[in-house]
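This report refers to the structure that appears directly beneath it.
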Amino acid sequence: MRLPFFYGWVVVAVTFVTMAIGVNARTAFSLFFPPIIAEFGWERGVTAGAFSFGFVVSGVVSPLIGRLMDRAGPRAVMELGVVLMGGGLLLAPLTSAPWHLYVTIGVMVGAGSVCLGYSGQSLFLPNWFIRKRGFAIGIAFAGVGIGSVTLLPWVQHMIEQTGWRTACTAMGLLVLIALAPVNLLLHKRPEDIGLQPDGDAAPAAGAARPASNVVDPVWANTDWTLQRAVATARFWWIALGYFCGLYIWYAVQVHQTKFLLDVGFSSSVAVWALGMVSLLGIPGQIVLGHVSDRIGREWVWAISCAGFVVCFAALIALRYQASLWLVYLMVFTQGALGYGLTSIMGAVVFEIFQGRHQGSIFGTIMLAALAGGAAGPWVTGLLYDRAGDYTLAFAVAMVVSGMSALAIWRAAPGKVRAVAGRLHKLKTGSE
């Protein structure tokens with residue numbers, strides 16, 4: 001039975017729910033962290049190391065997840081993620097030694113988060129849309145923000161009422177019960193169920209072929225394997241752009257709360273700022289995803305990076321003038337503009353290296369992205385320790401933001417495939 005709407009929107013809805021629960025289930029470790037330390041008395045570095053170790057695990061398994069997607073499709077990847085993450089959260093309450101956290105939160109939840117988070121979803125969701133690709137991905141990824149403002153307060157309330165073990169168990173059950181069945185609705189591409197991207201009708205025999213969005217036919221018609229892709233400059237420009245993109249993302253996310261407290265703001269302002277960034281990221285991802293379908297991925301990536309530049313500049317200014325207006329500026333540019341990066345990460349790779357092996361290629365590029373996510377907080381903290389304040393660290397992050405924008409501009413996805421808003425120029429140029 002055919003639905004009254006395009007099945008791709010079902011895929012978007014499933015991704016929205018999966019991101020809302022899956023990404024925030026990992027983030028919830030920051031809520032479990034204080035009561036775990038209070039119970040066991042372990043060193044903070046040792047305890048927090050379980051979460052950091054999960055980043056390492058994410059980087060290691062990312063290429064493997066991409067390969068699994070190419071071979072078995074999204075159902076296999078998502079269900080594997082559900083089992084790993086749900087199992088890790090259910091086993092974590094049995095913790096009695098630090099290594100137990102490293103196995104459950106680090107290995108199991110860390111590996112599961114690659115499947116259920118931005119990396120895993122970006123491996124197949126772009127297949128379903130061409131004209132509305134950025135818009136659809138923006139909506140799907142906005143689930144993370146919705147989850148952060150609904151699930152995390154619920155988890156915190158449960159911790160306060162019943163303890164971290166019960167809360168962790170409840171989160172594990174939610175992952176298994178909610179995500180295991182809903183992800184059975186996924187398909188890798190619309191052609192697998194007799195549909196076309198964007199819900200277009202299949203071209204009738206003898207009818208004029210729809211306008212192609214291919215700008216560079218030689219590049220687009222190449223059978224891109226991982227080995228071939230790695231040999232191109234474009235692959236490394238994307239890797240550099242993504243490394244720098246996640247560097248700046250996590251550099252500010254991890255350090256902004258402590259910075260705001262250091263310059264004299266109350267804890268309530270600092271917590272409000274962090275929450276508002278996620279909230280503003282919801283419309284930011286949707287709007288900038290839509291805008292990228294009109295003006296191109298390179299422009300929107302540059303706009304998002306510019307948002308981070310202004311964000312870091314506002315943070316530097318706050319050291320000299322602790323003004324609430326500067327906090328508002330920092331929050332807006334980070335959330336509404338900076339978070340737009342995620343809505344086009346999958347689109348950039350797909351439009352350059354579309355083909356049978358795009359999952360393996362994207363998964364390998366995400367190695368660089370995750371390395372940037374790990375490097376950002378560490379380098380920022382290291383520079384703070386050396387200089388005695390964050391000015392140098394935030395200035396470096398501004399330079400890294402510019403490098404990210406330049407790298408994606410050099411990768412030039414628009415010179416391989418045009419977005420919908422540029423098709424008329426492509427058609428005019430060919431006449």
Side-chain angles (χ1 to χ4, degrees), residues 1-25 65-66 68-83 85-86 112-148 150-151 174-203 210 281-283 285-290 292-293 342-347 349-351 354 358-359 362 420:
M1 186 180 72
R2 287 203 172 266
L3 297 173
F5 53 87
F6 176 45
Y7 194 84
W9 296 112
V10 174
V11 176
V12 168
V14 171
T15 302
F16 182 96
V17 173
T18 301
M19 296 283 281
I21 297 174
V23 173
N24 287 293
I65 296 301
L68 178 62
M69 180 67 74
D70 287 337
R71 294 182 178 180
R75 291 184 193 176
V77 171
M78 295 304 139
E79 298 300 349
L80 174 62
V82 167
V83 170
M85 178 170 280
S113 70
V114 178
C115 301
L116 302 178
Y118 293 103
S119 297
Q121 308 297 341
S122 296
L123 291 171
F124 70 95
L125 184 56
N127 286 328
W128 284 85
F129 299 88
I130 297 176
R131 294 191 305 276
K132 299 178 180 177
R133 180 172 284 167
F135 178 59
I137 295 174
I139 292 175
F141 286 4
V144 176
I146 296 295
S148 69
T150 55
L151 286 179
L174 179 64
V175 168
L176 290 172
I177 295 170
L179 299 188
V182 77
N183 275 283
L184 294 175
L185 298 172
L186 293 178
H187 295 276
K188 187 176 181 181
R189 53 177 64 89
E191 291 84 355
D192 294 342
I193 56 175
L195 301 174
Q196 297 294 313
D198 292 305
D200 294 341
I282 298 169
Q285 288 170 312
I286 296 171
V287 171
L288 285 179
H290 174 67
S292 78
D293 292 330
T342 58
S343 64
I344 55 175
M345 287 187 81
V349 177
F350 271 50
E351 283 158 15
Q354 185 172 314
Q358 59 199 21
F362 183 84

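None of these values were measured; they are calculated from a predicted model.
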Can you tell me if [X] uses its side chain to pair, donor with acceptor, with the backbone of [Y] under 3.5 Å?
X: N24; Y: V144; result: yes
X: D293; Y: G134; result: yes
X: Q121; Y: L116; result: yes

Does the side chain of [X] reach to within under 4.5 Å of the side chain of [Y], using non-hydrogen atoms?
X: V287; Y: H290; value: no
X: W128; Y: W9; value: no
X: V11; Y: H187; value: no
X: N183; Y: R75; value: no
X: T342; Y: Q285; value: yes
X: L174; Y: L151; value: yes
X: I137; Y: P126; value: yes

Could you measure the distance from the NZ atom of K188 to the CG atom of L125? Nearest 0.5 Å is fine.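 Reported to 0.5 Å precision, the distance equals 13.5 Å.
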Could you state the interatomic distance from OH (Y118) to OG1 (T15), rounded to the nearest 0.5 Å?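 If I round to the nearest 0.5 Å, the distance is 12.5 Å.
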With sequence neighbours left out, what residues match F124 under ring pair (Phe, Tyr, Trp, His ring centres under 6.0 Å)?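 Not a single residue meets the ring pair (Phe, Tyr, Trp, His ring centres under 6.0 Å) criterion with F124.
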For F362, ring pair (Phe, Tyr, Trp, His ring centres under 6.0 Å) partners two or more places apart: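 Testing F362 for ring pair (Phe, Tyr, Trp, His ring centres under 6.0 Å), a comparison that skips the adjacent residues, returns none.
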Carefully, step by step, assess F129 and V12 under the rule side-chain contact (heavy atoms from CB on, under 4.5 Å). CA-CA 10 Å; F129 299 88; V12 168; 3.7 Å; yes
